[in-house]
Every structure is written in structure tokens, then in C-alpha cells.
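Since the structure comes first, as C-alpha cells, the remarks are kept for the end.
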There are 2 protein chains.
Amino acid sequence: MQKIHKVKSDAVNMRENPENGMQYLETEDAAAETQLERATEALRDLILRGTFPVDEKLPETRVAELLGVSRTPARLAMAVLEQDGLLVRLPRRGFRVRSFSLDEVVEAIEVRGEVEAIAARVVAERGLHADHCARMEACIGRAEILLKNAPFEAAQRRDWCRMNVDFHDALVTACGLRPLWSAYAKVNLVPLASPRDIMFNVARPELSRRQLEATHEDHARILDAIQARHSTRAAALVREHAYRSGENKRRNFPDIRMRTMVIETPGVALVRPSPAE
Amino acid sequence: MQKIHKVKSDAVNMRENPENGMQYLETEDAAAETQLERATEALRDLILRGTFPVDEKLPETRVAELLGVSRTPARLAMAVLEQDGLLVRLPRRGFRVRSFSLDEVVEAIEVRGEVEAIAARVVAERGLHADHCARMEACIGRAEILLKNAPFEAAQRRDWCRMNVDFHDALVTACGLRPLWSAYAKVNLVPLASPRDIMFNVARPELSRRQLEATHEDHARILDAIQARHSTRAAALVREHAYRSGENKRRNFPDIRMRTMVIETPGVALVRPSPAE
DNA sequence: GGATGAGATTTTGCATGCAAAAAATCCACA
DNA sequence: TGTGGATTTTTTGCATGCAAAATCTCATCC
């Protein structure tokens with residue numbers, strides 16, 4: 001249940017936001033979403049979408065007006081995104097949009113694989129709690145259903161990404177090491193590195209399909225290994241799963257750039273083909 | 001070379017900071033340290049020192065006056081420390097100082113060990129670059145010299161911590177995976193979890209000495225394994241090194257609380273004995 | 001022609017003001 | 001004495017103003 005938060009009626013402090021119809025939404029209970037949070041997510045989205053030229057200065061005035069807020073929350077949001085690694089702070093000159101080399105993306109995926117491998121090993125050693133087991137099995141079920149529909153539409157692509165995120169999140173959550181989750185979350189901030197960032201080749205759906213089937217099989221084997229308490233095997237499978245994902249990214253990236261592939265994956269715009277940083 | 005940055009002479013905007021003698025220092029070159037950065041570090045220090053009661057609200061007015069800045073940079077600093085996990089944001093009620101269970105600290109050290117183990121394995125596989133090798137050997141040399149002086153004074157304790165940080169940082173740097181460094185840095189933000197956070201038992205120096213010698217030997221063996229390209233052995237040694245560190249923390253913690261040990265280690269004040277979060 | 005620098009302009013960083021939300025206080029009444 | 005509600009006080013969140021720094025402009029000089 002949601003309701004419209006009342007807007008200040010004061011003439012001076014009025015900050016109606018013409019280009020942003022829905023605004024001041026907050027949940028009934030207590031999670032009063034502050035302007036800063038919305039601004040942060042909106043800005044993150046804009047950056048990942050490639051709204052701003054990479055490696056160039058991003059003036060806070062521009063951000064403020066794009067987001068329809070004053071400079072204060074805009075600046076706050078930029079500070080947050082700096083911590084997330086999307087922006088770089090220049091001493092007394094504001095912020096710059098950070099770019100990432102494809103190599104760095106692949107490295108991030110590799111590291112994510114290592115982190116998840118730790119989780120898999122620990123879970124396999126300590127045993128998988130029923131809740132998490134159910135959650136992972138549900139993911140595998142969802143994948144099976146999705147795979148039945150031959151050509152993936154946009155909605156199904158979204159569903160597949162969600163399923164994938166859910167599976168990987170469940171794995172890391174299941175191991176119960178909170179600091180491991182922070183590390184996982186941190187690495188996922190690199191564009192294209194998170195389990196959410198799957199690239200679909202729409203021009204040649206059979207290629208994507210092959211990758212999805214491989215993913216599905218990986219997931220099933222990983223869960224199987226964990227349930228069988230094969231910790232080393234589980235870790236190795238997870239590592240390989242991530243390795244494959246990294247290789248896919250590297251292979252698919254040129255296609256993206258050449259527009260034979262949908263660019264719905266957020267963050268693509270921030271990634272440079274390959275050369276040094 | 002440093003110089004005093006000029007202070008605004010405007011009467012209204014004056015913000016002399018009585019309790020903070022040195023101020024407005026900036027390096028000659030270009031790294032103009034902004035007020036926010038100083039505020040952030042100062043606040044981090046205050047929090048880690050236990051200036052504020054844990055799990056209680058921290059009003060931004062208090063922070064602002066303690067730091068001698070206005071509320072704007074104070075709030076900025078608090079936002080940064082929220083990202084670092086030291087503060088928790090309450091929806092519309094500002095921030096709260098976060099506390100950590102001893103279990104979580106030990107978990108963080110365990111995770112750090114895993115991350116460093118990855119680094120060790122990768123470095124051993126790919127080979128250790130001469131620069132990093134020299135840096136790590138230098139650390140081992142420094143440790144040997146320090147260990148010759150029997151009772152550790154405060155200065156030597158500081159030096160030892162620096163040496164330790166240097167060794168561990170060098171290891172993670174050497175592997176060359178930038179995203180691994182982020183994960184490492186993230187985990188190190190948990191109080192008492194970083195290689196800097198060594199607890200010395202001053203009441204019983206022979207205990208600390210034993211631990212230091214063990215650390216020294218670990219370092220030497222780790223470097224040896226890496227140089228010999230024994231990747232699995234290197235990883236195992238690193239893991240064990242961290243495990244030992246975690247156990248030491250757990251064992252030493254009660255002594256700290258009972259004041260038989262110096263509390264110069266930052267962050268001790270944020271750690272609860274053991275119960276749930 | 002290209003470098004140089006004085007002045008104008010923009011942009012950043014911070015302090016402050018103000019309204020809404022939260023917390024504290026007080027008071028009436030049982 | 002304890003409790004509920006209304007009122008006051010405090011605190012948060014944001015917009016804005018202003019000065020210093022950075023950047024740009026353009027005319028001058030070598």
C-alpha cells in the first residue's frame with residue numbers, strides 16, 4: 001500500500017518536478033524514502049545507461065537539474081556513487097564518470113567467482129539450510145519454465161536475470177558470513193560484473209539459448225554438489241561457472257558494440273573495449 | 001612541503017575551530033584536501049575511539065560542532081561512513097553508530113584470509129614481480145629488526161602494525177586483480193579485522209611476543225611458498241595465518257575489556273562481547 | 001603564429017535558513 | 001500515581017546564498 005506524500009505548499013521552497021511525474025511516493029509503514037535515495041538510484045541509472053560521456057566531468061548543476069532536485073541532494077548522491085566506484089572525485093573540481101576496461105570487468109567476474117566459491121565451499125561443509133535450499137531449487141524451477149519458451153522476449157529476459165540474481169544471492173546468503181556478502185556486493189558494483197548483467201544476443205538467439213542452457217545446468221550441478229556436501233567440487237563448479245560467464249562477456253562484447261545485440265544491460269556504456277586504464 | 005591554507009576572513013563565514021589547532025593544511029602540489037575529507041577521517045577516528053555510545057543516535061549537530069564544521073560537510077562525512085558500515089541510516093531520523101559482534105569480527109578476518117588466499121594463489125601461479133617481492137622482503141626484514149628489541153614500546157607497536165599492513169597490502173596488490181583489492185578493502189573496514197588492528201597484551205608481553213614471532217614466521221613461509229610457485233601451499237598458509245589472527249582476537253578480547261591490555265587498537269569500542277546482532 | 005596573462009564567468013564547497021518530521025515535555029484527567 | 005494526548009522543542013532534510021577556486025575568454029606581446 002502506498003500513498004502520495006504531501007508536497008510542501010510553501011511558494012519559495014516549492015520544488016515541483018515537472019519532468020518527474022511520480023514523486024514523493026513513500027510506503028505506508030516507515031521506510032520513508034528520502035529524496036537522496038531516489039536521487040541516488042536515479043543518477044545511478046542515468047550513469048549506467050550512458051547518459052553522460054565517460055571520463056568527462058559531470059557538473060553537479062547538470063545532475064541537479066536532470067534529477068529535479070537542488071544541488072545538495074545531488075551532491076550527496078554523487079558522493080554515494082563515488083563510493084560505489086561509478087564516479088571519481090577530482091580534488092576541487094567535482095566528479096568525473098569512471099570508465100572500466102573490459103579486462104577489469106572480466107577480472108571482477110573472476111573475483112566474484114572466487115567469492116562465490118568460498119560461499120559454496122562453506123555451505124557444503126556446514127550444510128544447506130532448508131530455506132536457502134528451497135530458494136535455490138525455486139530458481140532452478142523458474143529457469144526450466146523459462147527455457148521452455150523458445151524465443152526470449154524482453155519480459156523473459158528480465159525474469160531470467162532476476163532468477164540468476166536470486167540464485168547467486170541465495171548462495172552467498174546461505175553461507176552465513178556477513179562480511180562475505182559485503183565483498184560480493186562490492187564486486188557486483190563493477191558494470192557487467194553482477195549476475196544481473198546478462199547479455200542476450202537477439203540477432204542470434206540460438207547462441208544465447210546455448211548459454212542459458214549451460215547456465216541452467218551449472219546451477220543444477222552446483223546445488224547438487226552442495227547438497228551432497230562435496231565442498232571442493234561445489235567450489236570448483238562455481239569457479240568454472242563464473243569463468244564461463246567472464247568468457248561470454250568477453251566474446252559477446254564486440255557484438256554489443258556493433259549493435260547486433262540489445263543494449264539493455266545496464267553499464268555497457270561505461271566499458272571500454274580493452275586497452276589500459 | 002606543506003603550507004597553511006588561508007582561512008576565510010569574512011566575519012560571517014568564519015569557522016575558526018578552537019579545539020583543532022592545526023587546520024587548513026594542504027599539500028603544495030594539487031591534492032587540495034577538502035574539508036569533507038578531513039571531517040570524514042576525523043569523524044571516523046572519533047567513532048573508532050569510542051567517543052560516541054554504540055547503537056545510539058548520533059545527531060549531526062553534535063558531529064558538526066565536534067568537528068568544527070557546519071552541518072553540510074558533517075552530514076556528507078556521515079554519509080561516507082554509512083557506506084563504510086560504521087553508521088546506520090535511520091529513515092528520517094539521521095544516523096546511529098553501528099556495533100559489531102565479536103563473531104562478526106572473527107568472520108571478517110576469516111573472509112579476509114580467504115581473499116588473501118586467492119591473492120596468494122594467483123601470485124604464486126603468475127609469478128611475483130620484483131617490486132612486490134622487494135616490498136614483502138623488506139617487511140620481513142623490518143619485523144626481524146623489531147623483534148630484536150625485547151619489550152615493545154608504543155612506537156614499536158605502531159611500526160609493527162605498519163609493517164603488517166604493508167605485507168598484507170603488498171600481497172593483495174601483487175596479484176594485480178583490482179576488484180580483489182576492493183573486496184579486501186571492504187572487509188578491512190570491519191573494526192579489528194584489518195591487518196592494522198593488532199592487539200598487544202602489555203600486561204603480559206611474553207604472550208604478545210609469542211604471537212609476533214608466529215606472525216613473522218608465517219610471513220616468511222608465505223613469501224617462500226609464493227617464490228617457490230607453490231600456489232596451493234601459499235594459499236593454505238595465508239588462510240591459516242588469518243585463522244590464527246582471528247583466534248588471537250577472540251582469545252585476547254576479554255583481556256581488552258578487562259583493561260589488562262592497551263586499548264590503542266582503534267575500533268575496540270564498537271565490538272560487543274559475543275551475542276547476536 | 002603561438003604563448004601569456006588579466007579579467008570575466010562558471011563551478012565547487014560550505015554555511016545558513018526554513019519547513020516538516022520526530023522527539024520531548026507538559027498537562028489534564030482518571 | 002499513571003496514562004493519553006496536545007503542545008513545545010529539537011532535529012533532520014533540503015534549498016539557497018556566497019566566497020574561493022577553477023575555467024574560460026580574449027586581447028596583448030614576443
Side-chain angles (χ1 to χ4, degrees), chain A residues 3-17 20 23-24 26-40 42 56-80 82 87-96, chain B residues 3-17 23-24 26-40 42 52 56-80 82 87-96:
Chain A
K3 67 167 183 182
I4 303 294
H5 184 288
K6 81 176 163 188
V7 176
K8 284 184 188 178
S9 51
D10 181 345
V12 175
N13 274 343
M14 201 60 189
R15 45 197 155 79
E16 282 168 346
N17 185 349
N20 182 1
Q23 69 188 114
Y24 292 90
E26 67 176 24
T27 54
E28 191 76 47
D29 46 273
E33 197 178 58
T34 171
Q35 198 158 152
L36 163 62
E37 298 172 57
R38 273 179 300 111
T40 304
E56 274 184 32
K57 257 195 62 175
L58 179 53
E60 61 188 38
T61 51
R62 190 151 145 59
V63 172
E65 71 185 38
L66 264 176
L67 299 182
V69 299
S70 87
R71 286 173 46 223
T72 307
R75 157 188 296 265
L76 256 304
M78 293 172 90
V80 171
E82 182 203 4
L87 294 176
V88 177
R89 178 173 231 121
L90 307 168
R92 265 219 176 239
R93 276 170 291 167
F95 297 88
R96 174 169 67 72
Chain B
K3 68 168 182 180
I4 303 293
H5 183 288
K6 79 176 162 187
V7 176
K8 284 185 186 177
S9 50
D10 180 347
V12 175
N13 274 344
M14 200 61 187
R15 45 198 154 82
E16 283 167 347
N17 185 347
Q23 68 188 112
Y24 291 90
E26 67 175 25
T27 54
E28 191 77 45
D29 46 273
E33 197 179 57
T34 172
Q35 199 158 153
L36 164 62
E37 297 174 57
R38 273 179 300 111
T40 304
F52 311 107
E56 273 185 32
K57 257 195 62 176
L58 179 53
E60 62 188 37
T61 51
R62 191 152 145 57
V63 172
E65 70 184 40
L66 265 176
L67 299 182
V69 299
S70 88
R71 285 172 47 222
T72 307
R75 157 188 296 265
L76 257 304
M78 293 172 89
V80 171
E82 182 202 4
L87 294 176
V88 177
R89 179 173 232 122
L90 307 169
R92 267 227 175 227
R93 274 170 292 169
F95 296 89
R96 174 169 66 73

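Residue numbers start from 1 in every chain, and the chains themselves are labelled A, B, ... in the order their sequence lines are given, proteins ahead of strands.
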Expected output: side-chain A:Lys57 to main-chain A:Arg93 donor-acceptor under 3.5 Å: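 Yes, because the side chain of A:Lys57 sits within donor-acceptor range (under 3.5 Å) of the backbone of A:Arg93.
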Side chain of A:Thr72 - closest among D:dA15, C:dT12, C:dG13: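 The answer is D:dA15, which lies nearest to the side chain.
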Among C:dA15, D:dT12, D:dA22, the one nearest B:Val69 by side-chain distance: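 So the side chain of B:Val69 is nearest to C:dA15.
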Atom-to-atom span, [atom1] of [X] to [atom2] of [N] - whole angstrom:
X	N	atom1	atom2	answer
B:Leu76	C:dT12	CG	C1'	12 Å
A:Gln35	C:dA19	CD	P	17 Å
B:Arg96	C:dA23	CZ	P	13 Å
B:Arg71	C:dG13	CZ	C1'	16 Å
B:Arg89	D:dT12	CZ	P	11 Å
A:Phe95	D:dA22	CZ	C1'	16 Å
A:Leu90	D:dA22	CG	P	12 Å
B:Lys57	C:dA21	NZ	P	15 Å

Let me confirm one number: the CG-CZ distance from B:Leu87 to B:Phe52, rounded to the nearest 0.5 Å.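 Taking CG in B:Leu87 and CZ in B:Phe52, the distance rounds to 9.0 Å.
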Hey, could you give me the CZ/CG distance between A:Arg71 and A:Leu76, rounded to the nearest 0.5 Å?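 If I round to the nearest 0.5 Å, the distance is 12.5 Å.
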Output, in order, the C-alpha distance, side-chain angles, deciding distance and verdict of side-chain contact (heavy atoms from CB on, under 4.5 Å) for B:Arg75 and A:Leu36. CA-CA 12 Å; B:Arg75 157 188 296 265; A:Leu36 163 62; over 6 Å; no
For D:dG13, take OP1 and OP2 only and decide whether either is under 4.0 Å from a side-chain N or O of B:Arg75.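 So the side-chain polar atoms of B:Arg75 do come within 4.0 Å of the phosphate oxygens OP1 or OP2 of D:dG13, strictly under.
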Short side-chain N/O contact to C:dA23 OP1/OP2 from B:Arg93, under 4.0 Å: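 Yes, such a contact exists.
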Using the closest heavy atom to pick a nucleotide of DNA chain D for each, name whichever of A:Ser70 or B:Leu58 lands nearer the 5' end.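 With A:Ser70 and B:Leu58 compared, the 5'-side residue is B:Leu58.
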